[in-house]
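Values below: all heavy atoms of this structure, side chains included; hydrogens, waters and symmetry mates excluded. Letters go in sequence order (proteins before strands), and every chain restarts at 1.
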2 protein chains.
Amino acid sequence: MSTMPQSATDHGLANFDVRRSNLGLALRHLRDHGPRSRAALAAELGMTRSTISTLVSELIERGLVTDGQPVHSTVGRPSTAVEVDGRTVCGIGAEINVNHVSTMALDLRGEVVEERKLALDARSLDAERVLAHLADLVRETVSSLEVRGVSIAGLTVGVAGLYDQTRDVLTHGPNLGWYDVPVGAILRRDLGATFRIVVDNEGNLAAAAEVTPGDPGRQDILVLHGEVGVGGGIVSGGRLLRGSHGYAGEFGHMIVKPGGLRCGCGRQGCWETVSGLRALLEMAADPDDPIRNPAMALDDRLAELNRRADLRDTRTLRALDDVGGWVGVGAAVLTNALNPATIVLTGYYAAVGHHMRPAIERELRAGVLAPDSGGTRVELSTLGFSAAVRGGATASLETVFADPTQVARRTVPVGGVP
Amino acid sequence: MSTMPQSATDHGLANFDVRRSNLGLALRHLRDHGPRSRAALAAELGMTRSTISTLVSELIERGLVTDGQPVHSTVGRPSTAVEVDGRTVCGIGAEINVNHVSTMALDLRGEVVEERKLALDARSLDAERVLAHLADLVRETVSSLEVRGVSIAGLTVGVAGLYDQTRDVLTHGPNLGWYDVPVGAILRRDLGATFRIVVDNEGNLAAAAEVTPGDPGRQDILVLHGEVGVGGGIVSGGRLLRGSHGYAGEFGHMIVKPGGLRCGCGRQGCWETVSGLRALLEMAADPDDPIRNPAMALDDRLAELNRRADLRDTRTLRALDDVGGWVGVGAAVLTNALNPATIVLTGYYAAVGHHMRPAIERELRAGVLAPDSGGTRVELSTLGFSAAVRGGATASLETVFADPTQVARRTVPVGGVP
DNA sequence: TTAGTTTGGGCGTCGTCCCAACAAAGCGTG
DNA sequence: CACGCTTTGTTGGGACGACGCCCAAACTAA
């Protein structure tokens, strides 16, 4: 997630940019460090109380924060805590995957407000149909929010494949079987676009979701997202690394086993052929085994896998160790290059990762030159399969923090009980 | 190197921050896009001519830009081009290496103003002595600049080893034999520090030197530095990626050939075993061949290699193609992860890279998932051994672009011929 | 010479932040 | 219970910076 107000590429700063930046700064500070008084805000942001006062009252007018409970300290006038108001604006994240489309709405505080999911087989439908289903889901979400008077900050869609953001086209989506699909344009057409719609690689969004503002161990992150394919994202200094054309994070097609299995991309020995979900399932079970049955929900199949591992089934444990080892080999390659503070495992890795972790850490120690694996820690994501949609929603909200003035002023109800 | 004015981590923006940012923006724009009129500046930066007028006159007062030649266009009043003035302020870069210490001063336009080098054997002296020698070199540079009335923006020192910038200590310098040396503090003490002194890893500075401000192809860079070992640096959005503990860029020990040759680090199949200088020389020549003789200067050995390749010697070409192929394999792995705009080859790669490039590009195309290698181009560095000092000097200058007001106003000579 | 075009700078206005002073709201103490 | 003490939040100048408008300057083309 880009955390900076960012004087951006070019244009000079004017006075209202100062206002915008400071409004965003205050709002962000309240989100990251919790409710606090105007005076505390002023001290912590290095501004005067008077300035903060006007900033806060503008944020209140825009419905972004509210006065909360009075706080009594030992001495002096009690302060009224200011806190982020989640009732006014939401960001929406969405995801297009091989077997489902889904949406999630988050309020300004990062709380889940709405969540929808539709199972489908993307490969048996064409892109237009899949996107129409997603558009339906988004419309339901939007109308549900609008009934409650919540405005929409934007929609960010994660898609499994390479997304060229300059041309706004999904260039390469081998898992979906999509090539050169203008996802953004189609959605804008279908939805009538009253808000900003951005499309990004799902791995990037999942990575962005793992950033925890203020936590130093969560600023330099390598996210490994395991599903049928393997992708991920790189976060450096809290900033997502997209690469020059937005193609960064395509870890799945690093060649780690020259001459190995043929991959869907046509090459041999790609990382995802040995560390993807398919590799795990094929190693862990015979073709007629229920967990190999695509009709069965993925969650259930993974739960069954965990159950077998907990029962110490030899074949299952062997598969988890073997695949975990390959995950570690690839992770070591990337860790040598990037030296992240934390490797976060998401997707199916998060579900069964506690059984793979020893193997991953073993290979990491073996493969990383820097002592103690360069201080890199391995953690399992707690966001589950919702990482990408959550990241998308967070990215949508980011525009509000970057420019709170984009949220309309509300005519404050003057009356009311005194 | 951080290129952004960066509202930094916390503190709110005030009015003078706007001024500072806009002054820097104008100055940077002139550096990046060359001399141009005030009107052009205004149009390109999205500001009014009057604002630009006052900004430029302040920059002139501070001696950072000057009015240049009048430019006659087809119609209308001719404009006077404004250009960056290199005569007022310089940034100094320095380097501490096993066999030499050196300095370089760059003016605001990036031109070399001063360059000094002192050969020594760092391993036979203690750190204090080496740093005293460097301090002498810096003092000479500074006094030479001050004679000419040039002020110093800062000093950035590159050192061979891991530098912990939060503690300002060289923690690990195996090549120098230095451990836990507070290089910054010692230099500040020796020099009396009238300017800012920063210390960094020399590889980082060399990588940063490859950034060309304003060139979009030189903002997202993967630098591959070939010597006996292979290392490098990652630049994303003009910003150097250091990793959480400063260990990033250790590419040499990525495992690209499982079960391959044993590496000095104890592992098998590390990238540098197939793409390092040793691999090339051993493949290209018998043990008694002069180019295998460590006593011979490296430049000469590489020149001989080039000579043979130009004569189309089969074994030499085979070796260059083979090693180049492995360079490409590793580059492809990193390119899938990072999607750089440009891969810059430095060290011995820069010397013989024109013979390896076809093989590198072949493997890059084969190994990168994104179409057309993700748009990544392969280039040879032209900076040679001065890359680190140049990067240091550029980093020092960066403070001027971030805040031009740090350069004192000069009392403009009022008189003069009308 | 005159009309047309573009440049650069001066002046007034507006927006934003800072500083200083002040009212508000408690706590502790006599 | 009144009074001082402390901290909070608000209010009214003052300073500073960018913008918009205007005008003189400088040059081309007819």
Side-chain angles (χ1 to χ4, degrees), chain A residues 5 7 10-26 35-61 65-82 403-405 409 418, chain B residues 5 7 10-26 35-61 65-83 403-405 409 412 418:
Chain A
S7 89
D10 241 345
H11 292 64
L13 260 58
N15 277 349
F16 59 84
D17 291 311
V18 175
R19 186 67 168 186
R20 179 186 311 183
S21 168
N22 285 341
L23 285 169
L25 200 67
R36 63 230 304 104
S37 70
R38 292 167 171 80
L41 220 40
E44 286 155 12
L45 296 179
M47 306 168 80
T48 60
R49 292 202 307 273
S50 57
T51 303
I52 289 292
S53 225
T54 67
L55 289 172
V56 167
S57 55
E58 179 166 348
L59 290 174
I60 289 176
E61 277 181 57
V65 304
T66 38
D67 274 325
Q69 293 305 310
V71 176
H72 296 247
S73 91
T74 57
V75 66
R77 170 177 167 179
S79 59
T80 54
V82 180
D403 178 15
T405 61
R409 273 195 165 85
Chain B
S7 86
D10 243 343
H11 291 63
L13 260 59
N15 275 350
F16 59 85
D17 291 312
V18 175
R19 186 67 168 185
R20 180 186 311 183
S21 168
N22 286 341
L23 285 169
L25 199 67
R36 61 227 308 104
S37 72
R38 291 168 171 79
L41 222 39
E44 287 156 12
L45 296 179
M47 307 170 78
T48 60
R49 291 203 306 274
S50 52
T51 302
I52 288 292
S53 228
T54 66
L55 288 172
V56 167
S57 56
E58 178 167 347
L59 289 174
I60 289 177
E61 279 181 55
V65 304
T66 37
D67 274 324
Q69 294 305 311
V71 177
H72 296 247
S73 90
T74 57
V75 66
R77 171 176 165 179
S79 58
T80 53
V82 180
E83 60 188 29
D403 178 15
T405 61
R409 273 196 164 85
V412 184

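Side-chain contact check for B/Asp17 versus B/His11: every heavy-atom pair is 4.5 Å or farther apart. Within the 4.5 Å cutoff, side-chain heavy atoms of A/Arg19 are placed close to those of A/Leu55. Side chains of B/Thr80 and B/Arg38 form a contact here, defined as non-hydrogen atoms less than 4.5 Å apart. The side-chain heavy atoms of A/Thr51 and A/Leu45, taken from C-beta on, include no pair separated by under 4.5 Å. B/Arg409 has its side chain within reach of B/Glu58: a pair of non-hydrogen atoms, C-beta onward, lies under 4.5 Å apart. Considering only heavy atoms from C-beta on, A/Asp67 comes within 4.5 Å of A/Val82 through its side chain.
Using a 4.0 Å cutoff to heavy atoms of chain B, the contacted part of DNA chain C runs 5' to 3' from C/dT5 to C/dC17.
Although no hydrogens or angles enter the test, the distance criterion places no donor-acceptor pair under 3.5 Å between the side chain of A/Ser21 and the main chain of A/Val18.
In this structure, CG on A/Asp403 lies 9.5 Å from CZ on A/Phe16, to the nearest 0.5 angstrom.
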Would you tabulate the nitrogen or oxygen pairs shorter than 3.5 Å linking the protein to nucleotides 14-17 of chain D?
from	atom 1	to	atom 2	distance (Å)
D/dC16	O2	B/Asn15	ND2	3.2
D/dG17	N2	A/Asn15	ND2	2.9
D/dG17	N3	A/Asn15	ND2	3.4

Between the protein and nucleotides 23-30 of chain D, which nitrogen or oxygen pairs are less than 3.5 angstrom apart?
from	atom 1	to	atom 2	distance (Å)
D/dA25	N3	B/Arg77	NH1	3.2
D/dT28	O3'	B/Thr74	O	3.0

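The heavy-atom pair separating A/Arg49 from A/Ala39 by the smallest distance is CD-CB, 3.9 Å. In this structure, B/Leu59 and B/Pro404 approach most closely via the heavy-atom pair CD2-CB, 4.0 Å.
Note: CG (B/Leu45) to P (D/dC19) measures 11 Å, nearest angstrom.
Here A/Ser50 lies in heavy-atom contact (under 4.0 Å) with a base.
Comparing B/Thr54 and B/Gly12, the nucleotide of DNA chain C nearest to each residue sits closer to the 5' end for B/Thr54.
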